[in-house]
Protein chains: 4
Amino acid sequence: MSTSAASDPGARTRGRPRDPALRERILDAAATLAMTAGIELGFERIAQEAGASRTTLYRWWDSPQELLLDAMLERTRWSLDHDSEGTAAARLRAQVIDAVEILSAPDTGRPLRALAAGALTNEKVRASFIEHWLEPRRAVAATILEDGMITGEFRQDLDVQAVIDALFSPIYHRLLLTRMPLGRNFGETLWNLVEPGLSPS
Amino acid sequence: MSTSAASDPGARTRGRPRDPALRERILDAAATLAMTAGIELGFERIAQEAGASRTTLYRWWDSPQELLLDAMLERTRWSLDHDSEGTAAARLRAQVIDAVEILSAPDTGRPLRALAAGALTNEKVRASFIEHWLEPRRAVAATILEDGMITGEFRQDLDVQAVIDALFSPIYHRLLLTRMPLGRNFGETLWNLVEPGLSPS
Amino acid sequence: MSTSAASDPGARTRGRPRDPALRERILDAAATLAMTAGIELGFERIAQEAGASRTTLYRWWDSPQELLLDAMLERTRWSLDHDSEGTAAARLRAQVIDAVEILSAPDTGRPLRALAAGALTNEKVRASFIEHWLEPRRAVAATILEDGMITGEFRQDLDVQAVIDALFSPIYHRLLLTRMPLGRNFGETLWNLVEPGLSPS
Amino acid sequence: MSTSAASDPGARTRGRPRDPALRERILDAAATLAMTAGIELGFERIAQEAGASRTTLYRWWDSPQELLLDAMLERTRWSLDHDSEGTAAARLRAQVIDAVEILSAPDTGRPLRALAAGALTNEKVRASFIEHWLEPRRAVAATILEDGMITGEFRQDLDVQAVIDALFSPIYHRLLLTRMPLGRNFGETLWNLVEPGLSPS
DNA sequence: TTCTAAGCGAGACGGTACGTCCCGTCTTGAC
DNA sequence: GTCAAGACGGGACGTACCGTCTCGCTTAGAA
């Protein structure tokens, strides 16, 4: 149910059609609540905030966090598109810096905390979160890394996943747990630290 | 109240003294539940498991997660002691490998997930978790790094906190979110990746 | 909420309609418990006895005693109807004897004790108890008394409320506090005692 | 334990003697609380108010209400002494008027409500209440009535207990349940109403 | 003086009921 | 078929007292 945003356009169904505006209101409400209020996200509150019925939420989503994930996915298009020009190093560096920038913004970072909390609590949420949020972004980085390995810009024997972990997980770590400053330069610091390990010989 | 494990030895108080065996039973119950069952940790279940009264738990802890943190702190002494011999690099490398080892063990990793979930939900839990779990371990690594910087083994201009993030947060990331394999070699891979960024020029 | 037994017949409301059978089961449970067990009446036990959820009781009543009052009001129609034939004296006398009879029956008297205990503890219960239980019955007696005063059967200067007190409060007193025998003749004794004070000159 | 105010004077016991001042403070606290606050009387609050330990209260009384009864008995000596001069009618009339006066005073009436509530809830309290409070006062009235019956001032066939009920229970009824005005004249009204039923033929 | 019994305060502990919150399911009527 | 409204069972929460207990300190008479 969740994250199946599209209702197949050709599907001519009987009965009252789903209200698209309502869906938007619900997603908005979830995003707003996740940003302003704390972590406590429940169908009850979202429904109230959206002026919708709780029943409706249950019809379309299995948990508030999956709902929130839908909201986040529609509202944050970050770093799924990227330049294909320049060196692999430059492109990867830009990715890291972008990530810091976006995750430090409250309207992305805050809901992400709620999402992460959900992922830790609920296995299904975790799977969705990885599949629809983390993995697509890791894939972009992976592509760049593999490009660089092919062109010889990077070492041939890199463990791609480990590199991605080293570059990006510190950002999530600071956002979610330590709350250390996520300033502009943190991305650069991180890159400078890991970059030497990428170059050949 | 929580994490104030210290039993003031000279404190001759009036009133019935606290039952130490009971405390142990409770901490055990929490640790066990956190390892076997899922994340859902509640005073109700812990009390039942420990054969204690729910009221008693409320008397001593503010939340199940703080209770669990106490249990973890008493049961996991990991990496607060470390050799002071060998090169800084070797000692730091050992730290990373140790961390992987211990966090991948179920009786540490599982409760840690519950703890992290609590930290994301409850600000007070987060503070305690950082103060009593994360920070002491980061401090050890920080000391080694600073040693290496003084002896010239590492670059002078390292951002110590960022280095620690790069080395350790990937482990937590895999444990908590991606659940990618946390095998023996992951520590080494990580170290090999970051190490070049530590050496001077 | 309480004692608003009225089901507005025309009220076509949206939402799932209230289950009338459930309501009956709850009232029955309360009445039964109040009769058999002691005074300790709690939502917990009533819910269990009725096979209902505690939440449901809270939805409809503010206290177990108000619930019980509802039950009593629906089950005891005593002395709200009365003959309008015969002398005022005869009718009043019948009222008193009736009262003794009914209050000495366990299925009315026992719950009434619980109700009175509630009325002493909880101001709201007291108000309801007076409004819905005591007052309507006093009103009947008052009407008879006033009839008699108009026709000259009784003295003109009677303090109606005081007469009612003298005639009926001894019954409650015996039921609730002294537990002295509430036999058939007690009503007659009482009547014979007070009656001389009612006649003119 | 309760209502055994006197420590047998000859009893020379070992050990620390009971602190009489403390006992007074506790009784005072109970009386004060019963007068000002509502009905909710508990050992917890009394102990706090009296600056005593809860344990101490449990040592000496079985329930807060029994404690309160002790307090009332020591503080209210009402109508246990009475004139033995004048006609029986005059003396009985004075008794009724006195009762109204005293029960309408807040420092007697309010605690009495708490006491009555306890009597309805707890069988032991009820027994004590009747034995030490109600019965002694009824006995005085009974004596007067019997005097009058012997002298021929009253009818020979009176049901003494019923007469007492008719005269006094309305006062308790108003105090405890209806809260109708308990003014000066209520006693007289009551007397005037019942008195005709007492005189011979 | 020392011993011993009791009074007393402090506080731990198990336990019960409370009233609330949110959850997930259901049943209805309206669109 | 969608949606709002709302009843219902259920579980956990955090709190308030309750009654019992185990301490240590104190106060006395008895040995």
Side-chain angles (χ1 to χ4, degrees), chain A residues 11 13-20 22-23 26 40-48 50-60 62-64, chain B residues 12-20 22-23 26 40-48 50-60 62-64, chain C residues 12-20 22-23 26 40-48 50-60 62-64, chain D residues 12-20 22-23 26 40-48 50-60 62-64:
Chain A
T13 51
R14 304 215 300 175
R16 177 174 173 176
R18 181 170 182 186
D19 181 349
L22 178 61
R23 183 171 187 276
I26 292 171
E40 295 77 18
L41 206 54
F43 277 143
E44 191 98 40
R45 305 188 52 130
I46 299 176
Q48 200 166 0
S53 167
R54 210 153 48 89
T55 324
T56 303
L57 305 203
Y58 276 105
R59 197 193 324 279
W60 298 107
D62 283 346
S63 72
Chain B
R12 269 280 129 272
T13 51
R14 304 225 290 180
R16 178 174 174 175
R18 183 170 181 185
D19 180 350
L22 177 62
R23 184 171 186 275
I26 293 171
E40 295 78 19
L41 205 54
F43 276 142
E44 191 95 43
R45 303 212 30 184
I46 299 176
Q48 203 163 359
S53 168
R54 204 155 52 88
T55 325
T56 301
L57 305 202
Y58 278 105
R59 203 192 320 280
W60 297 106
D62 284 345
S63 70
Chain C
R12 267 285 129 265
T13 52
R14 304 223 289 178
R16 177 174 175 174
R18 182 169 182 184
D19 180 350
L22 177 62
R23 182 171 186 277
I26 292 171
E40 295 79 17
L41 204 54
F43 276 142
E44 190 95 44
R45 303 212 29 183
I46 301 176
Q48 203 164 359
S53 165
R54 204 154 51 88
T55 323
T56 301
L57 305 202
Y58 278 105
R59 200 191 325 281
W60 296 107
D62 283 347
S63 69
Chain D
R12 271 280 133 267
T13 52
R14 303 218 300 172
R16 177 174 173 176
R18 183 171 182 182
D19 180 349
L22 178 61
R23 183 172 186 274
I26 292 172
E40 296 77 17
L41 206 53
F43 277 144
E44 191 97 41
R45 304 188 53 130
I46 299 176
Q48 202 167 358
S53 166
R54 206 154 48 89
T55 323
T56 303
L57 305 202
Y58 277 106
R59 197 192 324 279
W60 299 107
D62 283 349
S63 72

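Below, all heavy atoms of this structure are taken into account, side chains as well, without hydrogens, waters or symmetry copies. Because the structure is predicted, anything quoted here is derived from the model rather than measured. In what follows, chains carry the letters A, B, and so on, assigned in the order in which the sequence lines appear, proteins first and then strands, with residues in each chain numbered from 1.
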Q: State whether D:W60 places a side-chain N or O below 4.0 Å from either non-bridging phosphate oxygen (OP1 or OP2) of E:dG7.
A: no
Q. Reading nucleotides 14-19 of chain E from the 5' end, what letters show protein touch, with B for base, S for backbone sugar-phosphate only, - for no heavy atom under 4.0 Å?
A. BBBBSB
Q.
Quick check for you: to the nearest 0.5 Å, what is the distance between D:R45 atom CZ and D:L57 atom CG?
A. 13.5 Å
Between [X] and [Y], what is the shortest heavy-atom contact and its length?
X     : Y     : value
B:P64 : B:I46 : CB-CD1, 4.1 Å
C:A52 : C:L22 : CB-CD1, 3.8 Å
D:A47 : D:S53 : CB-C, 4.1 Å

Q.
Tell me if the side-chain of D:R16 makes a donor-acceptor pair with the base of F:dA28, cut-off 3.5 Å, by modelled atom types.
A. no
Q. DNA chain E: C:P17 or B:D19, which has the more 5' nearest nucleotide?
A. B:D19
(Q) Could you tell me how far apart A:I26 (CD1) and F:dT2 (P) are, to the nearest whole angstrom? (A) 13 Å
**Q.** Length of the CD-P vector between B:E40 and F:dC13, whole Å
**A.** 11 Å
Q | With A:T56 via side-chain hydrogen bond (donor to acceptor under 3.5 Å, both in side chains) - residues at least two apart | A | none
**Q.** Side chain to side chain, D:W60 and D:R18, heavy atoms closer than 4.5 Å
**A.** yes
